[in-house]
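So that the names make sense, note that chain A is the first sequence line, chain B the second, and so on, each numbered from 1. Values reported hereafter were calculated over all heavy atoms of this structure, with side chains retained and with hydrogens, waters and symmetry mates removed.
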Amino acid sequence: MYTKLIDFDWYLDVYDNVLMGSLLAGNKLSKARKDTSFILEKFGLYSKKDVGVETLSGGQQQRVQVARAIVHDPKIMILDEPIVGMDLTSSIEVLSFLREKAHSEGKTVIISSHQLSLLENYCDSIIFLSKRNMITYSNMNDFKKKYGKFNKYYIEYEGKISEEVLRKIKSKCKIVRNIKPLQIIMIDEFPITTILNILNDDVKITQTKIDDLSLEDVYLFINKEAYNG
Amino acid sequence: MDNTINISKYRTSKMLDFRKLLVVVYLEFRAVSGRKGDFIAKLTNPMVYLLFFAVGIKSLIGKEVTYNGLNVQYLDYVVPGLICIFMTNFLSHSLFRAIIDKQWGLLGLKLLNGVSPLTYILGMSIYPFVVFTLQSTIIILLSFIMFLVKYSIKTILIAYVLSYIAILFWTSLGIVLAMIVKNYHQRDLLISIIILPITFTAPIFYSLDNVPLYVNIISKINPLTYFVELIRSILLRKPNMLILSIALIITCFLVNIAIYAIRKTEMKSQSF
């Protein structure tokens, strides 16, 4: 198990902080050392193994923590925000490693994260939670198929949309982001022209673009609170 | 098959797991290995105390002091006290280390991985015991080489073994305080409030045979008194079973308090 808070023994260097995870899991020192070197190599931290954790950047510290949590190669890994604070390259490396573990070694990896755009490409199944309730649990492909029938529109405009027009739009579609460009998801059988006509009363529409729904859009789509706001 | 993990069982476990003990000991040694300056200071401090402090006081007090009604050479008398003076340093050492474990969630991590509170306490006491043994050896060797203070090898070995009781006491006290304190200010305050009075109200440099009544009374409630008397009685070949019993009882009591404190403390990262 792993927590996103920075939990280090600041007296220990990077290597020993990770080694701790393997030793506490019951591995012998020789195996723990081997596993530690392996995971540090995988996470691009081997060159930093002898330095104090306080000298690392936030993203590197995060990698050390994830490394410590999984160095003993557990069957089930529960990771809370494992890539928070990491740069994109590191995030991809860590998620790729976890995906590889799950696929080639049959490990169960449960990741709790708000970085949906990254998870979309690395997770097999998804659970959406809101206010302690499970909104949905599904295989990622099924999940995408389910919401694949919907389209997202980007509407560029000039001027300011009034509250009254927004209310009208909300009754016919889901607003993902009420910023420029306006992002909406059409959920009913209305054509997009219905929305454009309503908007035309208020603002001048300059461009419209259509796109597939991302995981992030779906989250906003099914999270009622987001839409009520 | 019930695969439910009962997290609370880790916290309440009374078992001593030898393998986990080795892990805690190993990590403690690794933690201090990068602080060679601290380690060297720990070994040089005894020399300073012996060569300057004790020898200086001897020139004031004279060659002999009365101990349990007998006249003994002052340096024979003070060396066991000097040995014990460094025990109290391990109170602050274990306090610092246990606070790190508590503050950064590592205590919870260790307990979740099967390190029972007793294993944790014993594991934390081994490094202090090793350093203490080295410090004691330096004092004993130096006092022999420079001042011909002689103790038999047998009594020295017995004193080393029994000194573990004291180390366990101070380690446990450090852990108890670490579980109680809420911030670094409280920690520093406790150290400054506790260490100095404990050191000076124990019969390290003077004999209780000749002190005013109030010093005698205060020294009786000072745990260091019993550990000093224990080590001194062994090295001066006047073993005192009553003192040994008291030392054992207060140590057992404090170890149990430390176990209780660990069980009750919040196992998550805490802001200090």
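Only the side chain of Leu106(B) comes within contact range of chain A, with at least one heavy atom under 4.5 Å from a heavy atom of that chain. For chain A, the nearby part of Phe96(B) is the side chain; its heavy atoms alone come within less than 4.5 Å. Contacts between Asn27(A) and chain B at a heavy-atom distance below 4.5 Å involve the backbone alone (N, CA, C, O).
Within 6.0 Å of the CZ atom in Phe29(B), the count of heavy atoms belonging to other residues, nucleotides or ligands exceeds 12. Other residues, nucleotides and ligands contribute at most 12 non-hydrogen atoms within 6.0 Å of the OH atom of Tyr49(B). No more than 12 heavy atoms of other residues, nucleotides or ligands lie within 6.0 Å of NZ in Lys28(A), so this atom counts as exposed by the packing criterion. Annotation for Lys107(A): atom NZ counts as buried by contact number, over 12 foreign heavy atoms lying within 6.0 Å.
Partner of Trp104(B) under the ring pair (Phe, Tyr, Trp, His ring centres under 6.0 Å) criterion, chosen from Phe8(A), Trp10(A), Tyr11(A): Trp10(A).
Every residue two or more places apart in sequence or in another chain that forms a side chain to side chain donor-acceptor pair (under 3.5 Å) with Arg99(A) is listed here: Asp124(A).
Contact annotation: the side chain of Met20(A) never approaches that of Val23(B) to less than 4.5 Å [non-hydrogen atoms, C-beta and beyond]. You'll find the side chain of Ile100(B) reaches within 4.5 Å of the side chain of Asp9(A), heavy atoms only. With a 4.5 Å cut-off on side-chain heavy atoms, Leu19(A) and Arg30(B) do not count as touching.
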Tell me, with the steps shown, if Asp7(A) and Leu109(B) meet side chain to side chain contact (heavy atoms under 4.5 Å, CB included). CA-CA 9 Å; Asp7(A) 294 336; Leu109(B) 184 72; over 6 Å; no
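Between the side chain of Lys20(B) and the backbone N or O of Leu24(A), at least one donor-acceptor pair lies under 3.5 Å.
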